[in-house]
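Below is one structure; the comments refer to it alone.
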Amino acid sequence: MPRQNRVTPFGTFIATPARGAFLGNRGCLTGRSDNIGARRWGVRAWICCRLDYPRSTPLPLSGPGLTTQLFFLDEATALAAGHRPCALCRRADFERFRRHWAHGNGLPAPPRAPELDARLHAERLAEHTTTLDALPDGAMVVLPGTPDTVWLLHGGALHAWTPGGYGERRPRPSGAARLLTPPSTVAALADGYAPHTALPA
């Protein structure tokens, strides 16, 4: 029975047998039942980690008082859900992300992790709209009229997100859309941060 620990681009949790390429957490999200309930986060530092980070002992998936392990199809999904690269197991990616994040958002220097997390947390709590023409590759959107379908922008096209990978491909349209990826992260993407995606090579 799959656990309800896969994260969608909406930031919600689903149960699916499909495997994820990245691990992450938001602190402890479970109680005595060991199931994720209504709580969406336990900390503001929502991170995206490597699956293969070496550890002396395996980490439990979840439990009362323990960090709840979450899984993502790819890094683009994690970014859309409001996560950022882990500063421990993905140090080089974290440094690259915060450099692009600072430059893309007009900051004089890369922020410390708590500053970055505070900005992302505020953006996660708001709903954002955007113009499709202005978005960089790696951003995720919802189009008018299809509120349940998430689209990844990549290579001049839109790719429909599913828990197991990307499905329908269509040319990028013009016009407005709901933006899932936090605006400050979109600025980092526009500045050159290229997230891992599960699109075929």
Side-chain angles (χ1 to χ4, degrees), residues 3-14 16 18-30 36 39-53 59 61-62 66-102 104-105 110-128 135-142 150-154 161 163 166 178-191 193-199:
R3 290 173 178 258
Q4 188 190 7
N5 58 9
R6 272 289 294 276
V7 183
T8 75
F10 292 106
T12 56
F13 310 116
I14 60 172
T16 173
R19 301 299 296 270
F22 285 86
L23 168 73
N25 75 72
R26 304 176 186 177
C28 180
L29 304 178
T30 60
I36 296 177
R39 191 179 193 193
R40 290 187 59 212
W41 68 85
V43 295
R44 288 190 177 187
W46 295 19
I47 60 175
C48 175
C49 304
R50 291 168 45 187
L51 282 177
D52 61 349
Y53 187 64
L59 294 176
L61 285 173
S62 61
L66 299 175
T67 294
T68 304
Q69 293 190 56
L70 307 172
F71 298 89
F72 311 94
L73 169 67
D74 56 14
E75 186 180 15
T77 303
L79 294 181
H83 291 246
R84 50 101 174 148
C86 175
L88 177 61
C89 67
R90 299 181 59 206
R91 187 71 193 186
D93 290 334
F94 172 73
E95 294 296 344
R96 187 166 52 91
F97 179 79
R98 74 187 192 116
R99 284 195 303 270
H100 285 298
W101 195 90
N105 287 284
R112 297 175 62 237
E115 300 170 64
L116 186 59
D117 294 332
R119 173 78 174 270
L120 288 174
H121 186 71
E123 292 179 356
R124 290 191 293 257
L125 298 179
E127 189 163 307
H128 309 280
L135 289 179
D137 282 0
M140 287 191 168
V141 298
V142 175
V150 175
W151 299 90
L152 168 73
L153 284 81
H154 186 85
W161 183 93
Y166 293 94
R178 177 186 171 191
L179 178 64
L180 297 185
T181 308
S184 62
T185 297
V186 171
L189 298 176
D191 193 65
Y193 186 81
H196 169 275
T197 73
L199 289 169

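Not measured: the values here are computed from a predicted model.
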- Query: Leu180 and Val150: side-chain contact (heavy atoms from CB on, under 4.5 Å), yes or no, with the steps?
  - Reply: CA-CA 9 Å; Leu180 297 185; Val150 175; 3.7 Å; yes
- Task: Dump the intermediate steps for side-chain contact (heavy atoms from CB on, under 4.5 Å) on Phe72 and Arg6, then the final yes or no.
- Result: CA-CA 6 Å; Phe72 311 94; Arg6 272 289 294 276; 5.8 Å; no
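- To the nearest 0.5 Å, atom NE2 of residue His154 and atom CG of residue Asp137 are 5.5 Å apart.
- Using a 4.5 Å heavy-atom threshold, the side chains of Phe97 and Arg90 count as separate.
- Remark: Leu179 CG to Glu127 CD distance equals 10.0 Å, nearest 0.5 Å.
- Counting only heavy atoms from C-beta outward, the side chains of Asn5 and Gln69 never approach each other to under 4.5 Å.
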- From CA spacing to verdict: side-chain contact (heavy atoms from CB on, under 4.5 Å), Val7, Thr12: CA-CA 6 Å; Val7 183; Thr12 56; over 6 Å; no
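- Residues Thr16 and Phe71 have side chains not in contact (no heavy-atom distance under 4.5 Å, counting atoms from C-beta outward).
- For Asn105 (side chain) and Trp101 (main-chain N/O), a donor-acceptor pair under 3.5 Å exists by modelled atom type.
- For Gln4 (side chain) and Phe13 (main-chain N/O), a donor-acceptor pair under 3.5 Å exists by modelled atom type.
- No donor-acceptor contact under 3.5 angstrom links the side chains of Thr181 and Thr185, judged on distance only.
- Checked by atom type, the side-chain pair Thr197/Glu75 shows no donor-acceptor distance below 3.5 Å.
- Atom CZ of Arg40 and atom CZ of Arg26 lie 6.0 Å apart (nearest 0.5 Å).
- Not a single donor-acceptor pair under 3.5 Å links the side chain of Thr77 to the backbone N or O of Pro9.
- Side-chain atoms of Arg91 come within 3.5 Å of backbone atoms of Ala87 as a donor-acceptor pair (strictly under, hydrogens ignored).
- Residues Pro110 and Phe94 are not in side-chain contact: their nearest non-hydrogen atoms beyond the backbone lie 4.5 Å or more apart.
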- Evaluate the criterion side-chain contact (heavy atoms from CB on, under 4.5 Å) for residue pair Phe22 and Cys49; output intermediate values, then yes/no. CA-CA 6 Å; Phe22 285 86; Cys49 304; over 6 Å; no
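- The shortest side-chain heavy-atom distance between Pro195 and Asp74 does not fall under the 4.5 Å cut-off.
- Taking 4.0 Å as the cut-off between side-chain N and carboxylate O, Glu123 and Arg119 count as a salt-bridged pair.
- Here Arg84 contributes atom CZ and Leu120 contributes atom CG; the two are 8.0 Å apart, rounded to the nearest 0.5 Å.
- In this structure, CG in Asp52 is found 4.0 Å from CZ in Arg50, a value given to the nearest 0.5 Å.
- Atom CG in Asp117 sits 9.0 Å away from atom CD1 in Ile47 (nearest 0.5 Å).
- Counting only heavy atoms from C-beta outward, the side chains of Leu152 and Leu199 approach each other to under 4.5 Å.
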